[in-house]
Amino acid sequence: MSPHVAGKRHIPRTIALGVPLAVLAALVTTGTADATSGPAQPQVTHTATLGDIPLGAFSNALLPGTVDDDRGVDLGGIGSDIYPAGRKGEFWTVTDRGPNGQIKVDGKKRRTFPVPGFDPAIVKIRVCGDSVKVIDSIPITTSSGKPVTGLSNQAGRDEAPYSYDAQTPLAYNPNGLDTEGIVRAKDGSFWLVDEYSPSLVHVSAHGKVLARYVPKGLNLTGADYPVVEALPAVLLHRKTNRGLEGLAQLPDGDLVMALQSPLSLPDANAGDASRNTRLLRFSPKKRAVTGEYAYRFDPVNVVDPSEDDTSELKISSVVAVGGDRLLVEERTDKAARLQSVRLTRDANILGGPWDSDTTSPSLEQLDDPASAGVPVPAKRLVVDLGTVAGVPGKIEGVARVDHDTLALINDNDFGMTDGTGAFDTQGRLVDSGIETVVTYVRLPRGI
């Protein structure tokens, strides 16, 4: 466990003398309507912001000596997911691979890692008034206790890693994780999903990787933890940086993983044009995938009226809401909608023709999967977050607080932007000004 908690190496923002959350919640519309106001609408009831915590201080408090220069970057990126921690206002979150960006060199984009020593971490937060405080943090480590880092795994499969200015190549690291979704099991261990392989990662209560479940045929060698080829081989066709993103834990302990974007099957053009992605069910008891489900996005201009590029559609969060029912977040970087979906036995396509990369047309190429005989789970819109005033962009984490309230968290990308202007001439971050914010949204009709 980290010594880095609120009050230690933390530069807090001023906490306004506001009304307590419980009082605020009581002051908002209760769900009834009068003749003049009309039906009650979803609304933001509370927001809280993460203060400035230097990334070097945060990282070195967990694993001394891992970051020698944070280039002026603060802790961010914890909005990759959010999961209730059991006490009111407390949540588990997880960072992604760390500060990263893209810079074009000779007409080609290079992936930059300005703080290559950064180690992804599980971060426990508490909403206190209008502030988000870090109350615990756990570094993710290998079997021998070394940092996994967030660096790319395999040449030819993952983007080549470069220094902050895209001029110096960095070494690949087979241990590296681009962590996204998080849930906590009853035994105190954590399950995470990762975009690189893509993979499902089981992590001990102290952050040590117990097993990384990857697609069959990946052949990831050199990792300092157990690597198990247990996921469908078709996932090898995941779009770069669009692997597994959402993760939910069902009441029976099974896990549901969401593929962020359609597979590049048979090629990248087909994936970019597709609205068909996949959900997978994994049994921790069997250590195996037991279900796979086709998921059909709404048209991109329905999800985000300002967008016309279908490749911008993503799933970033899935939340279990009882039985086999989920909330699934369809989003772009500017808008998001939550859909209610139920996973039924007759919709399971695991092991069928759609798991073969020789099937033509592929699942991704189908304009109407249902008419082609693919069972597509029905969905129902729960809330269009793009129409709720006060909800920030790039929401990647959703948690259920109670029967009618959600907690949302955004990914601020560590304050980074793409391009040569991300850092000044001294190699210090030019911060985007986007903060990490936890936002409570009340749904009058419940969840």
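We use all heavy atoms of the structure for the numbers below, so side chains are in, but hydrogens, waters and symmetry mates are not. One-based numbering along the sequence shown.
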- Message: The criterion is side chain to side chain donor-acceptor pair (under 3.5 Å); which residues satisfy it with Thr405, sequence neighbours excluded?
- Response: Asp402

- May I ask you to decide whether Asp424 forms a salt bridge with Arg71, counting only side-chain N to carboxylate O separations under 4.0 Å? no

- Item | Side chains of Asn175 and Thr142, donor plus acceptor under 3.5 Å | no

- Message: For the residue pair Asp194 / Ser199, report whether a side-chain donor-acceptor contact shorter than 3.5 Å exists.
- Response: yes

- Message: Does Asp309 have more than 12 heavy atoms from other residues, nucleotides or ligands lying within 6.0 Å of its CG?
- Response: yes

- Query: Is it the case that Asp158 and Ser152 place a side-chain donor and acceptor less than 3.5 Å from each other?
  - Reply: no

- Query: OG of Ser274 to CZ of Phe297: how many Å apart, nearest 0.5 Å?
  - Reply: 8.5 Å

- Distance (rounded to the nearest 0.5 Å) between Ile78 CD1 and Ile122 CD1: 13.0 Å

- Message: Under 6.0 Å between ring centres: does that hold for Phe190 and Tyr83?
- Response: no

- Item | Arg400 side chain near Ile447 side chain, heavy-atom distance below 4.5 Å | yes

- Message: Donor-acceptor pair, distance only, cut-off 3.5 Å: does the side chain of Asp411 make one with the backbone of Ser80?
- Response: no

- Lys/Arg N to Asp/Glu carboxylate O, Asp272 vs Arg242, below 4.0 Å: no

- Do Lys239 and Glu364 meet the salt-bridge criterion of a basic N to acidic O distance under 4.0 Å? no

- Message: Asp119 and side-chain contact (heavy atoms from CB on, under 4.5 Å): which single residue from Leu62, Thr66, Leu63 fits?
- Response: Leu63

- Message: Treating Asp136 as the side-chain partner and Lys124 as the backbone partner, does any N or O pair qualify as donor plus acceptor under 3.5 Å?
- Response: no

- Query: Does a side chain donor of either Arg212 or Tyr225 reach within less than 3.5 Å of an acceptor in the other side chain?
  - Reply: yes

- Does a side-chain N-to-carboxylate-O contact under 4.0 Å join Arg331 and Asp333? yes

- Query: With the threshold set at 4.0 Å, does a side-chain nitrogen-carboxylate oxygen contact exist between Arg126 and Glu90?
  - Reply: yes

- Message: Is there a side-chain contact between Pro161 and Tyr172 in this structure, where contact means two heavy atoms from C-beta onward sitting under 4.5 Å apart?
- Response: yes

- Query: How long is the span from the CD1 atom in Ile182 to the CG atom in Leu247, to the nearest 0.5 Å?
  - Reply: 9.0 Å

- Message: Whether the Glu245 and Ser316 side chains hold a donor-acceptor pair (N or O, under 3.5 Å, no angle test) is what I'd like checked.
- Response: yes

- Message: Working to the nearest 0.5 angstrom, can you tell me the gap between Leu255 CG and Arg281 CZ?
- Response: 9.5 Å

- Query: When Lys314 is tested against each of Gln260, Lys394, Glu396 for side-chain contact (heavy atoms from CB on, under 4.5 Å), which residue passes?
  - Reply: Gln260

- Determine whether the side chains of Arg442 and Thr45 contain a donor N or O and an acceptor N or O closer than 3.5 Å. no

- Item | Distance-only polar pair, side chains of Thr310 and Arg275, donor-acceptor under 3.5 Å | no

- Minimum side-chain heavy-atom gap Asp413-Ile434 below 4.5 Å: no

- Message: Could you check whether Asp224 pairs with Lys146 (Lys NZ or Arg NE/NH1/NH2 to Asp/Glu carboxylate O, under 4.0 Å)?
- Response: no

